[in-house]
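Written below as structure tokens is the structure these notes are about.
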Amino acid sequence: MIKIYNTLTRRKEVFTPLAGDSVRMYVCGVTVYDLSHVGHARSAIVFDVIRRYLALCGYQVRFVKNFTDVDDRIIRRASEEGVPAAVISERFIEEYRRDMAALGVAAADAEPKATEHIAAMIELIERLIAKHVAYRVDGDVYFEVRRFPGYGKLSGKKLEELLAGIRVEVDERKRDPLDFALWKASKPGEPVWESPWGPGRPGWHIECSAMSMHYLGESFDIHGGGEDLIFPHHENEIAQSEAATGRPFSRFWIHNGFVNLGSEKMSKSLGNVRRVRELVHDHDPEAIRLSLLGAHYRHPLEFSEERIGEARRGLDRFRTLFDAADRLASRGAPAPGSAGGLVDELASLRERFTASMDDDFNTPQAIAALFDMASALHAYHAALEKGDRPTGPFLIGVDEVLTLGRVLGLFEKTSEAAGPPGEILERIEKLVRARDDARARRDWRTADALRAELQALGATTEDTPHGTRSPGMAPARPASERCVDSPERRVVP
RNA sequence: GGCGGCAUAGCCAAGUGGUAAGGCGAGGGUCUGCAAAACCCUUAUUCCCCGGUUCGAAUCCGGGUGCCGCCUCCA
């Protein structure tokens, strides 16, 4: 039984889809005018995990995430660069996809662009005009907020309070300062579409109503996005959608909290953004994921590079487990013996994992259960190495950690992916061999000197009974954690 | 000004009435030629402050302090 905090009711509610086992969810994506930052990453990862978990629970999830590709900022950037707006939006759609793929965020089932659904928007606006909840002024069309009785129900605001809070210049042509644009008459040089009200372009909010209804129907299960979208974007979506259809729009509204930098909201206007592009270059993407899932999705998250380093070190606890399992699996010949309490312990931890996820997707708690599973398995592994425990339960247990972790998008790769570039790898291998020789001669002085050299290259050494391993011959830590003049730092993506 | 949220160990962070998860760090131990890595153990009598309710409060109520968000484009 999954409980979800619904912004609309301000309560956790038991989640049941509108139709059988199928879940239809829509998440507001990004406006594609620049590279993504950590805040976008958090939102994408949060909804990626929600989607994965719903799928794990047996739901058929239809997941739609849009791209806003008509927007003032896109137009501004296009004119700065002297290219059509579509060039800018296409570029940043590709960049977004590249960043999110790097973070292990799965593509949505549909990723529509606003510009592909102008006709549906026009149709929706016509319905609103026909119902007298929207009106024309010159070439613009506005939604008349006072005609929709439920206005403010999502954000918990009253019209009077909103009016009192207005701080921007009011367009005198509007019937009410809170009325918002459904359609804007075009200005010279802007992208333009023909409409019954003359040439123009859609307002921001109408696209999500049109696209969500197009892909998911007039009523669907979940609508999500960052908490800053609650007002006005989602409030307006509800107003225009429900006014047009006369039916409830989305059942559940899920909003993720912000990423803070030094206890301040990360935003472009504050100039304190960290881009995903730099981050995935400097850090293990799974460590980024783990650190972003380390706080509950609705709470603000304190971001720093240091947090990612910590997450990376936490990840090692799992990776050593996977390595141990790989070695055991290839060795075969399970030893006889009792599994002790391992099976029961893992079963109860698995239950804790799902109970945590069931409770409004409490990933920090679910991750804690995962760490406890790792501890139990490591302890078991120690006994196993002494030969008095069977391998079967261990391998099954590790596999289970892997399965649960993948719900969070973790453990997709069980060891370091990209190693250092070829010529450095060669040097490392040469040094490791030389050091092995020295150790065989019990020439500790030379061996230690070679180890120091290896460390300067960012390579760790691990002495085993079978000789030195420098795991995968890959750096044990991301470049940014190593000393400043480590050569890998110069590598360009 | 209006509305909302948060305050838990050195740091990050769960926990919303039954006696403080988890991670990082730190200290000790095992292993090792010495290390590293890994593993094991320890690490908050106490949850911003003051009152109250209760057999029992980090959790509920009242008051205070501090921080943050939304009301404007924003994940």
Side-chain angles (χ1 to χ4, degrees), chain A residues 10 27-31 33 36-47 68 71-73 152 155-158 160-169 178 204 224-233 235 255-260 263-270 273 290-291 294-296 298-304 306-317 319-321 323-324 352 356 359 362-372 374-375 377-379 381-383 385 439 442-445 447-448 451-452 454-455 460-465 468-471 476:
Chain A
R10 274 148 239 279
V27 170
C28 288
V30 289
T31 301
Y33 71 102
S36 313
H37 63 248
V38 190
H40 300 123
R42 183 186 194 190
S43 184
I45 288 170
V46 161
F47 288 104
T68 297
D71 172 84
D72 288 345
R73 290 158 298 176
S155 53
K157 293 177 190 302
K158 298 186 183 75
E160 292 65 34
E161 290 164 0
L162 285 167
L163 280 170
I166 281 181
R167 286 183 268 148
V168 283
E169 209 175 307
L178 293 168
W204 173 34
E227 67 178 2
D228 53 340
L229 298 180
I230 295 171
F231 190 89
H233 185 53
E235 193 69 66
H255 294 96
N256 67 275
F258 280 121
V259 175
N260 290 158
S263 82
E264 229 179 11
K265 169 184 169 180
M266 183 180 297
S267 85
K268 296 236 170 78
S269 48
L270 292 169
V273 296
L290 184 61
S291 79
H296 185 88
R298 283 193 281 117
H299 293 179
L301 180 139
E302 195 55 47
F303 177 82
S304 77
E306 207 185 334
R307 293 289 91 73
I308 300 177
E310 288 170 6
R312 165 63 226 231
R313 290 187 284 278
L315 223 39
D316 284 340
R317 276 173 72 72
R319 291 185 176 160
T320 55
L321 202 58
D323 285 348
R352 218 170 85 202
S356 300
D359 184 13
N362 192 329
T363 54
Q365 219 164 53
I367 289 166
L370 239 34
F371 272 104
D372 283 345
S375 286
L377 285 159
H378 271 129
H381 182 250
E385 289 284 85
R439 290 188 72 241
R442 308 183 70 79
D443 178 359
W444 310 127
R445 182 185 288 267
D448 289 351
R451 178 165 61 205
L454 278 161
Q455 273 163 357
T460 58
T461 53
E462 189 178 336
D463 298 335
T464 74
T468 302
R469 281 197 315 166
S470 187

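In what follows, every chain begins at residue 1, and chains take the letters A, B, ... in the order their sequences are listed.
Here B:A75 presents its C1' atom at 6 Å from NE2 of A:His37, a figure rounded to the nearest Å. B:U32 atom C1' lies 12 Å from atom CZ of A:Arg442, rounded to whole Å. Between the P atom of B:C11 and the CG atom of A:Leu301 lies a distance of 17 Å, rounded to the nearest Å. Here B:G69 presents its P atom at 15 Å from CD1 of A:Ile230, a figure rounded to the nearest Å. Between the CZ atom of A:Arg298 and the C1' atom of B:A13 there is a distance of 15 Å, given to the nearest Å. Separating the CZ atom of A:Phe303 from the P atom of B:A13 is a distance of 13 Å, rounded to the nearest angstrom. Atom pair A:Asp372:CG and B:A14:P shows a separation of 17 Å (rounding to whole Å applied). In this entry the distance linking CZ of A:Phe231 with C1' of B:U72 reads 10 Å, nearest Å.
Closest non-hydrogen pair, A:Val259 versus A:Gly39, comes out as CG2-CA, 3.9 Å.
No donor-acceptor contact under 3.5 Å links the side chain of A:Arg317 to the base of B:C24. With hydrogens and angles left out, the side chain of A:Asp359 and the base of B:G15 share no donor-acceptor pair within 3.5 Å. Put simply, the side chain of A:Arg451 and the base of B:A35 share a donor and an acceptor less than 3.5 Å apart.
Across B:A75, B:C71, B:G23, the shortest atom-to-atom separation from the side chain of A:Phe371 is found for B:G23. Here the side chain of A:Arg313 is nearest to one of B:C24, B:G15, B:C73, namely B:C24. Nearest nucleotide to the side chain of A:Arg439, out of B:A75, B:A38, B:G33: B:G33. Distances from the side chain of A:Ser43 to the nucleotides B:G2, B:A75, B:G25 place B:A75 closest. Of the candidates B:C71, B:A14, B:G22, B:G22 carries the atom nearest the A:Ala368 side chain, counting heavy atoms from C-beta on. Of all nucleotides listed (B:G2, B:A14, B:C24), B:A14 comes nearest to the side chain of A:His299. The side chain of A:Arg352 has B:A21 as its nearest neighbour among B:A21, B:C71, B:A38. Of all nucleotides listed (B:A21, B:A38, B:A75), B:A75 comes nearest to the side chain of A:Leu229.
Nucleotides B:A58 and B:U19 place their P atoms 11 Å apart, quoted to the nearest Å. The C1' atoms of B:A14 and B:G23 are separated by 11 Å, rounded to the nearest whole Å. Of the P atoms belonging to B:U59 and B:U53, the separation is 15 Å, rounded to the nearest Å. Remark: the separation of the P atoms in B:A9 and B:C49 is 11 Å, to the nearest Å. Rounded to the nearest Å, the gap between the C1' atom of B:U8 and that of B:C41 is 24 Å. With P as the reference atom, B:G64 and B:G69 are 23 Å apart, rounded to whole Å.
Using a 4.0 Å heavy-atom distance criterion, A:Val27 is classed as making no nucleic acid contact. Contacts of A:Asp72 with the nucleic acid, taken as non-hydrogen atoms under 4.0 Å apart, are absent. Using a 4.0 Å heavy-atom criterion, one finds that A:Ser375 contacts the sugar-phosphate atoms exclusively. In this structure, A:Gly29 reaches the sugar-phosphate backbone alone: every heavy-atom distance under 4.0 Å involves primed, P, OP1 or OP2 atoms, never a base. Across all strands shown, A:Asp448 has heavy atoms under 4.0 Å from base atoms, whether or not it also approaches the sugar-phosphate. As judged by a 4.0 angstrom heavy-atom cut-off over every strand, A:Glu227 is placed among residues touching the sugar-phosphate backbone only.
Residues A:Gly39 and A:Arg10 both approach RNA chain B. Their nearest nucleotides, taken by heavy-atom distance, put A:Arg10 toward the 5′ side. Looking at which nucleotide of RNA chain B each of A:Asp228 and A:His378 is closest to, the 5′-most match is held by A:His378.
The base-pairing partner of B:U59, taking Watson-Crick or G-U wobble contacts with both distances under 3.5 Å, does not exist among the strands shown. With both pairing distances under 3.5 Å, B:C70 is matched to B:G2 as a Watson-Crick or G-U wobble pair. Under the Watson-Crick and G-U wobble criteria, each requiring two contacts below 3.5 Å, nucleotide B:U45 is left unpaired. If you check B:A37 for Watson-Crick or wobble pairing at under 3.5 angstrom, you find it has no partner at all. The partner of B:C11 is B:G23, judged by Watson-Crick or G-U wobble contacts that both fall below 3.5 Å.
Residue A:His296 places no side-chain N or O under 4.0 Å from the OP1 or OP2 atom of B:A14. For A:His255 and B:C70, the shortest distance from a side-chain N or O to OP1 or OP2 is not below 4.0 Å. Between B:C11 and A:Arg307, no contact under 4.0 Å exists linking OP1 or OP2 to a side-chain N or O. Contact between the side-chain N/O atoms of A:Asn260 and the OP1/OP2 oxygens of B:G69 is not found at any separation under 4.0 Å.
Looking at A:Glu235, its side chain does come within 3.5 Å of a backbone N or O of A:Ser155 through a donor-acceptor pair. A side-chain donor-acceptor contact under 3.5 Å links A:Arg42 to the backbone of A:Gly257.
A distance of 13.5 Å separates NZ in A:Lys158 from CG in A:Leu163, rounded to the nearest 0.5 Å. Residue A:Gln365 holds its CD atom at 7.5 Å from CZ of A:Arg352, rounded to the nearest 0.5 Å. Taken from CG in A:Leu321 to NE2 in A:His378, the straight-line distance is 4.5 Å, to the nearest 0.5 Å.
B:G33 has its base stacked against the ring of A:Trp444, the centroids being under 5.5 angstrom apart at an interplanar angle below 30°.
Residues A:His37 and A:His40 bring their aromatic ring centres within 6.0 Å.
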* To do: Mind running side-chain hydrogen bond (donor to acceptor under 3.5 Å, both in side chains) on A:Ser291 and A:Arg312 for me, showing each step along the way?
  => CA-CA 8 Å; A:Ser291 79; A:Arg312 165 63 226 231; over 6 Å; no
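Applying the 6.0 Å contact sphere to CZ of A:Arg445 captures no more than 12 heavy atoms from other residues, nucleotides or ligands.
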